[in-house]
Amino acid sequence: MTEPVSPVDAAISLREQAASYRRLALRARTAAGSVALRAVAAQFDTDARRIDPLSLLR
C-alpha cells in the first residue's frame, strides 16, 4: 500500500513537474507543441497552489 503524501510534498512535486514541462517547451519542435507544454506546466502550478497555497511563501 502507498503512503499518503503531505500537501507540501505534493505541491513541491507538482512544481517540479511544471518546471520540467517548461524546459521541454523550450525544446519543442513546433510552436503549438511549446504552447501545449507551457499550458500543462501552468496547470501543474495551479494545482500546486490549490493544494498548498502557503508553499509559495516557503
Side-chain angles (χ1 to χ4, degrees):
M1 195 156 98
T2 352
E3 293 293 320
V5 177
S6 75
V8 172
D9 290 339
I12 289 169
S13 177
L14 286 170
R15 287 197 178 88
E16 288 172 352
Q17 290 179 41
S20 177
Y21 274 91
R22 280 191 287 277
R23 285 190 300 273
L24 284 172
L26 295 173
R27 297 192 326 244
R29 292 183 179 191
T30 64
S34 180
V35 168
L37 290 166
R38 285 192 312 256
V40 172
Q43 185 61 50
F44 279 134
D45 284 331
T46 298
D47 291 346
R49 275 191 302 277
R50 188 176 306 125
I51 290 170
D52 187 24
L54 296 179
S55 66
L56 288 173
L57 303 176
R58 292 183 192 115

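- Under the 4.5 Å side-chain contact rule for hydrophobic residues, Phe44 and Ile51 share a cluster.
- The distance from the CG atom of Asp52 to the CG atom of Asp47 is 13.0 Å, given to the nearest 0.5 Å.
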Please table the atom pairs, donor to acceptor, closer than 3.5 Å between any side-chain atom in residues 17-26 and protein atoms at least two apart or in another chain.
| unit_1 | atom_1 | unit_2 | atom_2 | d |
| --- | --- | --- | --- | --- |
| Gln17 | NE2 | Ser13 | OG | 3.4 |
| Arg22 | NH1 | Asp45 | OD2 | 2.8 |

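- Counting only N and O atoms by type, the side chains of Thr46 and Arg50 include no donor and acceptor under 3.5 Å apart.
- When every heavy atom of Gly33 is checked against every heavy atom of Ala28, the shortest pair comes out as C-CB, 3.9 Å.
- Distance CZ/Arg38 to CD/Gln43: 15.5 Å, rounded to 0.5 Å.
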